[in-house]
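Down below is the structure, laid out as C-alpha cells.
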Amino acid sequence: MLLSGINTDLATMVSVVAGCSNTGMLLLGRTLHGYAIKASFGRELTLNNSLLDMYSKSGDLNSAIQVFETMGERSVVSWTSMIAGYAREGLSDMSVRLFHEMEKEGISPDIFTITTILHACACTGLLENGKDVHNYIKENKMQSDLFVSNALMDMYAKCGSMGDAHLVFSEMQVKDIVSWNTMIGGYSKNSLPNEALNLFVEMQYNSKPNSITMACILPACASLAALERGQEIHGHILRNGFSLDRHVANALVDMYLKCGALGLARLLFDMIPAKDLVSWTVMVAGYGMHGYGSEAIAAFNEMRNSGIEPDEVSFISILYACSHSGLLDEGWGFFNMMRNNCGIEPKLEHYACIVDLLARTGNLSKAYRFIKRMPIEPDATIWGALLCGCRIYHDVKLAEKVAEHVFELEPENTGYYVLLANIYAEAEKWEEVKKLRERIGRRGLRKNPGCSWIEIKGKVHIFVAGDSSHPLANKIELLLKKTRTRMKEEGHFPKMRYALIKADDTEKEMALCGHSEKIAMAFGILSLPPGKTVRVTKNLRVCGDCHEMAKFMSKMVKRDIILRDTNRFHHFKDGSCSCRGHW
DNA sequence: GTAGGGTTAG
C-alpha cells in the first residue's frame with residue numbers, strides 16, 4: 001500500500017497494529033509506533049489502545065505501561081488492556097490495584113473488564129478478590145453474560161472452590177461448550193474425577209463435546225485409573241477426529257500410562273508427529289512410575305537431542321523416575337544439570353525428589369544433612385520423604401526426630417502419624433504405638449481409610465479394609481485363605497509387622513487379610529476371564545504383606561496383576577514385581 | 001474498514 005503511494009489513515013494504522021499484536025510481531029509494531037507518531041496519530045485514543053495491547057501481548061510490559069502513562073485520554077478499553085497486561089505477566093495484584101484505581105477515576109468496568117479481572121484472580125488464586133468481583137457482577141446484573149459467568153466459574157475452579165463454581169453453573173440459563181468444559185476441567189483439576197465423569201455424561205444430553213472437552217475429561221480417567229472409561233473416550237476421540245489435537249494426544253498418552261497400559265501409551269506416543277515438551281515429560285514420568293528408570297533417562301536424552309529444552313516440570317519427572325528405580329548417581333546428575341546447565345532454580349518438588357532418592361537408597365543421614373542445608377524452607381513432604389526412608393531402613397531414632405518436623409508442619413495429616421506408628425510397630429515398640437494413637441485421638445483425627453478399586457466391564461467396584469458386604473465375599477475369603485496356606489507351604493509367612501496391632505498371630509493374620517488391595521485383587525481374579533490382567537488401584541501406599549501376596553498370587557493363578565498405589569505401579573508377574581523393592 | 005474478554009495436556 002505504501003509503495004503504491006496510497007496514504008494510510010487512522011483505521012489503517014489501528015488495523016495493522018492489531019495485526020502485530022495477534023502475531024507477536026514486536027519489532028514491526030515498534031516501527032509502526034514511530035510511523036504513527038510521525039503521521040501525527042500519536043494522540044488518537046484507538047491507536048494508543050491498539051499499541052498498548054500490542055506491547056502487552058508481545059511481552060513488552062514496560063512499553064505498554066509507557067503508552068498507558070503518557071496517553072492523554074484513557075477509556076475503559078485502555079484500562080482493561082492494562083489490567084490484562086499485568087495479569088499476563090503474573091502480576092495479578094497490580095491488576096487488582098488498577099481495577100480499583102479505574103473505578104476511583106470514575107470509569108465503570110464493562111463486561112470485558114470483568115472477565116479480565118476474573119482471569120487475573122484465577123491465575124494467582126485470589127479467591128477473596130474474585131468474590132468481590134462476583135458481588136459487583138450481581139449488583140450490576142451482569143451474570144446473564146456468558147463470558148462473565150464462564151470466567152466466574154473458571155475463577156472459582158482455579159481457586160479450588162468447586163462448590164461456588166457449581167452454584168454459578170447451576171444458575172446459568174444458557175450454557176455453552178465453554179461452560180461445560182470449564183466445569184469438567186475444574187472437577188478434574190480439583191481431584192473430583194467422579195464429578196467430572198458424571199458431568200461429562202450429563203453434558204452429552206445438552207451440548208456436543210469438542211476436543212477441549214476431551215483434554216478436560218481424560219485426566220479424570222487417569223486419576224481413577226479407569227482404563228475402560230478412558231478407552232471409551234479414546235473411541236469418541238477417534239470417531240470425531242480429535243486425535244490430531246496435541247493437547248488431546250498428550251492427555252491420552254498420560255491417561256494410558258496412569259491406567260497401567262504402558263505399551264499402548266508408547267504406541268500412541270510414537271504416533272504423535274511433532275512431540276512437544278509435554279509429550280516427552282508425560283512419557284518420562286510414565287516410564288518412571290512403571291519402574292523403567294533407564295528408559296526414562298533414554299527418553300529424556302532423546303528429547304534434548306531433538307532440540308527441546310527441559311523445564312522444571314520435566315526435571316521433576318526425570319528425578320522421580322531415577323528415584324523409583326534407585327538410580328542415585330543419575331539423579332544427582334540431573335539435579336546438577338538442571339542448576340548448572342539449564343539455569344533452573346530447584347523448587348520444593350525437586351528437593352523432595354532428591355531427599356526421596358537419598359532416603360530410598362539408604363543414605364539417611366546424608367538426606368538429613370541435605371535438608372538442613374536447603375536454601376528454601378523444607379515443607380512436610382520433604383521431611384515425609386525422609387520419614388519413608390526411615391521406615392524402609394528401620395531407623396526408629398531418626399524417624400522420631402524427623403517426625404517432629406513433619407507433625408509441626410502438618411499436624412492434621414494423619415498419614416504421617418500412621419507412618420510413624422508403622423515404624424514403631426515394625427520394631428515391635430507397642431508402647432510407642434499406643435502413645436501415638438492417643439496423640440491422634442486427642443486431636444480428634446481419623447486415619448484416612450484405605451480403599452482399593454477395580455474396574456470390571458466399565459463398572460468400578462470399591463473395597464474398603466475388612467469389606468465383607470460384597471456378594472462374592474465368601475469366595476474372596478476362600479481364595480485369600482487358599483493363597484495364604486499355599487504361601488506358608490512354600491515358606492512365605494505373613495508379614496505380621498504390617499498388621500499395626502498388638503495381637504496374637506491369628507488376629508494379625510486376619511487383619512492383614514482384610515486389606516482392601518487383597519480383596520480387590522482376589523475379586524479381580526474371580527471375576528475377570530482367565531489370562532486377563534488384573535488392574536487394581538489403591539488410595540494409599542501398598543502394604544508390605546499385600547505386596548508379598550500379590551507376587552505369590554501372580555504365580556499361583558498364572559496371571560499378571562498391576563497395582564497402582566499413590567506412588568507408582570507394581571507389575572506382578574510370575575512371582576516378582578517390577579518395582580524391584582524400590583517403593 | 002479500526003482497540004480490550006471466557007474453556008484444554010505434563
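Bear in mind the structure is a predicted one, so any value in this text is a computation, not a measurement. We name chains A, B, ... by the order of the sequence lines, and we start the count at 1 in each one.
No donor-acceptor contact under 3.5 Å links the side chain of Thr116(A) to the base of dG5(B). Looking at Asp9(A), its side chain comes within 3.5 Å of the base of dG1(B) through a donor and an acceptor atom. Between the side chain of Ser81(A) and the base of dG4(B) there is no donor-acceptor pair of N/O atoms closer than 3.5 Å.
For Lys258(A), no side-chain nitrogen or oxygen approaches OP1 or OP2 of dA9(B) to under 4.0 Å.
Closest to the Phe112(A) side chain, of the nucleotides dT7(B), dG4(B), dA3(B), is dG4(B). When distances run from any side-chain atom of Ile212(A) to the nucleotides dG10(B), dT7(B), dT2(B), the shortest one goes to dT7(B). Out of dG10(B), dT2(B), dA9(B), the shortest distance to the side chain of Asn250(A) is found at dA9(B). Taking every side-chain heavy atom of Asp276(A) into account, dA9(B) is the closest of dA9(B), dT2(B), dT7(B). Distances from the side chain of Phe147(A) to the nucleotides dG5(B), dT8(B), dT2(B) place dG5(B) closest. Residue Leu45(A) has its side chain nearest to dA3(B) when only dT7(B), dG5(B), dA3(B) are considered. The side chain of His119(A) lies closest to dT7(B) when the candidates are dG4(B), dT8(B), dT7(B). In the set dG1(B), dT7(B), dA3(B), dA3(B) carries the atom at the smallest distance from any side-chain atom of Val14(A). Of the candidates dG4(B), dT8(B), dT2(B), the closest approach to any side-chain atom of Lys57(A) belongs to dG4(B).
Note on Asp356(A) versus Arg360(A): salt bridge recorded, some NZ/NE/NH1/NH2 to OD/OE distance being below 4.0 Å.
Lys208(A) and Asn240(A) are linked by a side-chain donor-acceptor pair at a separation below 3.5 angstrom, with hydrogens and angles left out of the test.
Classification of the Phe169(A)-His166(A) ring pair by plane angle, with boundaries at 30° and 60°, yields tilted.
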